**Q** 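Quick one: the structure is below, questions incoming.
Read the numbers this way: they start at 1 and go in the same order the structure lists the ligands and their atoms. Predicted, not measured: the structure shown is a model, and the values here were computed from it.
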Amino acid sequence: MSSLYPPDTLHFPPSSQPFLEPYLPPLPTAENTSKVYPQENEPTRPFTTLTFATSLDSSLSLAPGVGTAIADNPGLNCRIEGAGGYEGQTGEKSADPVIQTLAQDAKSNPELKDLMERACARMASKGELQTFQNPIDQIKDKQDVDDEEMIIRKRQEKLHQPRPIIIDPKARWVPQETSKIIELVRQGRGKAPFVIIAKSTSPPQHGRDLLEKYGGKFIALDTVASDINDENGETHRHFDWHDILHVLATKENIRSIMIEGGGSIINSLLSEQKFSGLIDSVIVTIAPTWLGQGGVVVSPKRRVDEHGYAIPASRLTDVKWYPFGEDVVLCGRIQGLDRST
Ligand SMILES: NC(=O)C1=CN([C@@H]2O[C@H](COP(=O)(O)OP(=O)(O)OC[C@H]3O[C@@H](n4cnc5c(N)ncnc54)[C@H](OP(=O)(O)O)[C@@H]3O)[C@@H](O)[C@H]2O)C=CC1
Ligand SMILES: Nc1nc(O)c(N)c(N[C@@H]2O[C@H](COP(=O)(O)O)[C@@H](O)[C@H]2O)n1
């Protein structure tokens, strides 16, 4: 009998776990998972980890920034062995994830469906049907689209995967059936995203319908003027990070969040002193390369003291460095700040 994992499964060595543990959120217990925020004397924001991978010149990517969701088409799921959809299936009866994906695609592709059914029939005649049986049955049994969508939404309730949250004040990212994040939902390997947009924005109806069909949604928040102007001189409107974290904790019952910025997101968090107290942990992977000028750089705004002299913008304390292959992982906490709730 062999174990089957999806091909993108990551295997995190158990020997490396103790190093990270002090920087991770408290483990959920039976008691705190059933509790609903807000509770008296309890934080009204999630445990917040800021994480990114950078070069020696503090670059996140070579290309100029155009927003992570649009630039990268990211999956934003957890692919470590054991996560939902990455449990591994033992034995001959397990449905290969590639075949499951094909079966999903076959629902809207009659030619592929026909091909799979013929392959199925041929394998049945040779007594090799087991791995095909499950997905083909799924196609035939769940013709009712409403039922199928309901099953996809229900399946997420128990799925051991993080909820992707996309910060997109102008609703520029329009979800598509082909977006990686949505494909992972259909494959049972990720949850549908919550997209945080400005109250003044109206996302296209088809995007809203698609998100809701899969169990995601738009969350509208107030914005404030940032100090960033675009090429037309228009001021960008941003969210207050207190509002983002507060709404996720109190309305969505999210207890832990990992912020996987882009440059604009990370710099917005690190530039404002009032936001630094919201970050519980920082985990940075540093690669031994210089990406050169012109990419997306992590560099918070310059800070000055009361006499106008430049001082460091921010600093980590409680620091640990851990080599991972040629990279090094740096964990720490932002220095000198009370954790605010
Ligand atoms: N190496 C790594 O670890 C990672 C690298 N990346 C890379 O980063 C690049 C993208 O970075 P970048 O273009 O800077 O975009 P980001 O992904 O950081 O930002 C996307 C959006 O966030 C908005 N935003 C930022 N802060 C706030 C806030 N406080 N409130 C509301 N909206 C906010 C910006 O709005 P506005 O434009 O209006 O200011 C922008 O539309 C990509 O190339 C990607 O590959 C991304 C993630 C991790
Ligand atoms: N936070 C963080 N740490 C790293 O080490 C990374 N390489 C990245 N990369 C970015 O995170 C996004 C993940 O997308 P997938 O879920 O892997 O599709 C993507 O935008 C990468 O740029 N982030």
Side-chain angles (χ1 to χ4, degrees), residues 8-10 12 20 49-80 83 85-86 161-162 164-173 179-185 189-191 193 195-201 219-232 234-245 247 257-272 274-275 278 281-287 289 291 294-301 324-325 327-331:
D8 55 348
T9 307
L10 302 171
F12 187 66
L20 274 178
T49 308
L50 176 62
T51 167
F52 52 94
T54 173
S55 62
L56 294 176
D57 45 357
S58 202
S59 263
L60 295 170
S61 68
L62 281 166
V66 287
T68 302
I70 295 168
D72 291 359
N73 188 21
L76 302 183
N77 65 340
C78 175
R79 299 188 281 274
I80 294 179
Y86 294 82
Q161 277 287 345
I165 316 277
I166 296 176
I167 306 288
D168 190 15
K170 293 183 200 143
R172 291 184 307 166
W173 179 72
S179 305
K180 189 168 168 199
I181 213 166
I182 299 293
E183 284 179 348
L184 288 168
V185 174
R189 294 194 278 142
K191 289 188 178 173
V195 185
I196 305 191
I197 55 168
K199 277 189 178 162
S200 53
T201 308
I219 298 175
L221 283 188
D222 286 321
T223 52
V224 289
S226 76
D227 55 5
I228 301 170
N229 293 324
D230 62 23
E231 58 280 8
N232 306 319
E234 247 178 66
T235 302
H236 289 209
R237 296 197 66 83
H238 278 179
F239 305 119
D240 183 321
W241 280 98
H242 292 90
D243 295 345
I244 297 177
L245 298 181
V247 82
I257 186 162
M258 186 181 104
I259 300 180
E260 199 169 16
S264 159
I265 291 284
I266 298 169
N267 291 330
S268 124
L269 258 173
L270 292 180
S271 292
E272 300 283 345
K274 64 179 179 182
F275 296 153
L278 299 173
S281 268
V282 179
I283 303 179
V284 183
T285 305
I286 302 165
T289 179
L291 291 186
V296 175
V297 171
V298 175
S299 182
K301 269 192 312 196
F324 261 111
D327 296 349
V328 67
V329 175
L330 159 66
C331 298

**Q** Show me which atoms of ligand 2 lie under 4.0 Å from any heavy atom of Thr68.
**A** 20 (O)
**Q** Taking it one step at a time, do Thr54 and Thr285 satisfy side-chain contact (heavy atoms from CB on, under 4.5 Å)?
**A** CA-CA 6 Å; Thr54 173; Thr285 305; over 6 Å; no
**Q** Checking the N or O distance criterion of under 3.5 Å, is ligand 1 in contact with Ser61?
**A**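 The answer is yes, given that Ser61 and ligand 1 share an N or O pair closer than 3.5 Å.
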**Q** Need the ligand 2 atom indices (1-based, order shown) with element for anything under 4.0 Å from a heavy-atom of Phe52.
**A** 1 (N), 2 (C), 3 (N)
**Q** Ignoring angles and geometry beyond distance, decide whether Trp241 reaches within less than 3.5 Å of ligand 1 through its nitrogen or oxygen atoms.
**A** yes
**Q** Can you confirm whether Val298 sits close enough to Asn267 that some side-chain heavy atom of one is under 4.5 Å from a side-chain heavy atom of the other?
**A** yes
**Q** Could you tell me the residue and atom name of the protein heavy atom closest to atom 47 (C) of ligand 1, and the distance to it rounded to 0.1 Å?
**A**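 In this structure, atom 47 (C) of ligand 1 has Gly261 O, 2.5 Å as its nearest protein heavy atom.
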**Q** With respect to atom 27 (C) of ligand 1, which of His238, Glu272, Glu260 exhibits the smallest heavy-atom separation?
**A** His238
**Q** Nearest protein heavy-atom contact for atom 16 (O) of ligand 2: which residue, which atom, what distance?
**A** Leu76 N, 2.8 Å
**Q** Which pair of non-hydrogen atoms, one from Ser268 and one from Trp241, has the smallest distance, and what is that distance?
**A**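 Between these two residues, the closest heavy atoms are OG-NE1, 2.8 Å.
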**Q** Check Arg172 against ligand 1 and report side chain, backbone, both or neither, counting heavy atoms closer than 4.0 Å.
**A** side chain
**Q** Of all the heavy atoms in Met258, does at least one lie under 4.0 Å from an atom in ligand 2?
**A** no
**Q** So which bit of Ile266 gets within less than 4.0 Å of ligand 1, heavy atoms only: side chain, backbone, both or neither?
**A** neither
**Q** Pick, from Arg79, Glu260, Lys180, the option with the minimum heavy-atom distance to atom 23 (N) of ligand 2.
**A**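 Of the listed residues, Glu260 has the closest heavy atom.
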**Q** Identify the protein heavy atom lying closest to atom 8 (O) of ligand 1, giving its residue, its atom name and the separation to 0.1 Å.
**A** Gly262 CA, 3.5 Å
**Q** Has ligand 1 got any nitrogen or oxygen that is less than 3.5 angstrom from a nitrogen or oxygen of Ile244?
**A** no
**Q** Could you say whether the N/O atoms of Asp168 and ligand 1 ever approach to under 3.5 Å?
**A**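 Such a contact does not occur with ligand 1.
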**Q** Give me the atom names and distance for the closest heavy-atom approach of Ala83 to Gln161.
**A**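 Taking every non-hydrogen atom into account, CB-NE2, 3.8 Å.
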**Q** Indicate, as side chain, backbone, both or neither, the part of Ile265 found under 4.0 angstrom from ligand 1 when only non-hydrogen atoms are considered.
**A**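 Both parts.
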**Q** Write out the residue and atom name of the closest protein heavy atom to atom 4 (C) of ligand 2, then the distance separating them to 0.1 Å.
**A**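 Among all protein heavy atoms, the one nearest atom 4 (C) of ligand 2 is Ala53 CB, 3.5 Å.
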**Q** If you measure every N/O of Ala53 against every N/O of ligand 1, is any gap under 3.5 Å?
**A**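 Right, the criterion is met.
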**Q** Of the protein's non-hydrogen atoms, which lies at the shortest distance from atom 25 (C) of ligand 1, and what is that distance?
**A** Ser264 OG, 2.9 Å
**Q** Looking only at protein heavy atoms, identify the closest one to atom 14 (O) of ligand 2 and say how far it is in Å.
**A** Pro74 CB, 3.3 Å
**Q** Do any nitrogen or oxygen atoms of Phe239 lie less than 3.5 angstrom from nitrogen or oxygen atoms of ligand 1?
**A** yes
**Q** For atom 17 (O) of ligand 1, grab the closest protein heavy atom and report residue, atom and distance to one decimal in Å.
**A**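 Protein heavy atom at minimum distance: Thr68 OG1, 2.6 Å.
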**Q** Just which atoms of ligand 1 are under 4.0 Å from any heavy atom in Val66?
**A** 13 (O)
**Q** Which of the atoms in ligand 2, numbered in the order shown and given with their element, are less than 4.0 Å from a heavy-atom of Asp72?
**A**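 Taking each heavy atom of Asp72 in turn, ligand 2 has 19 (C), 20 (O), 21 (C), 22 (O) under 4.0 Å.
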**Q** Which of the numbered atoms in ligand 1 are below 4.0 angstrom from a heavy atom of Gly263?
**A**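 Counting atoms of ligand 1 from 1, those under 4.0 Å from Gly263 are 11 (O), 12 (P), 14 (O), 18 (O).
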**Q** Can Arg189 and Asp8 be said to form a side-chain contact (heavy atoms from CB on, under 4.5 Å), step by step?
**A** CA-CA 11 Å; Arg189 294 194 278 142; Asp8 55 348; 3.0 Å; yes
**Q** Determine, for Lys301 against Glu272, whether the closest basic-nitrogen to carboxylate-oxygen distance falls under 4.0 angstrom.
**A** yes
**Q** Looking only at protein heavy atoms, which one is nearest to atom 45 (O) of ligand 1, and how far off is it?
**A** Asp72 OD2, 2.8 Å
**Q** Polar contacts were defined as any N/O atom of the residue lying under 3.5 Å from an N/O atom of the ligand; does this apply to Phe52 and ligand 1?
**A** no
**Q** Using 30° and 60° as the class boundaries, would you call the ring planes of Phe324 and Phe12 parallel, tilted or perpendicular?
**A**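 Because their plane-to-plane angle lies in the 30° to 60° range, the rings of Phe324 and Phe12 count as tilted.
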**Q** Could you name the option among Gly190, Gly75, Cys78 that has the heavy atom nearest to atom 18 (O) of ligand 2?
**A** Gly75
**Q** Quick one: which of Pro64, Gly67, Ser226, Ala198 has a heavy atom closest to atom 12 (P) of ligand 1?
**A** Gly67
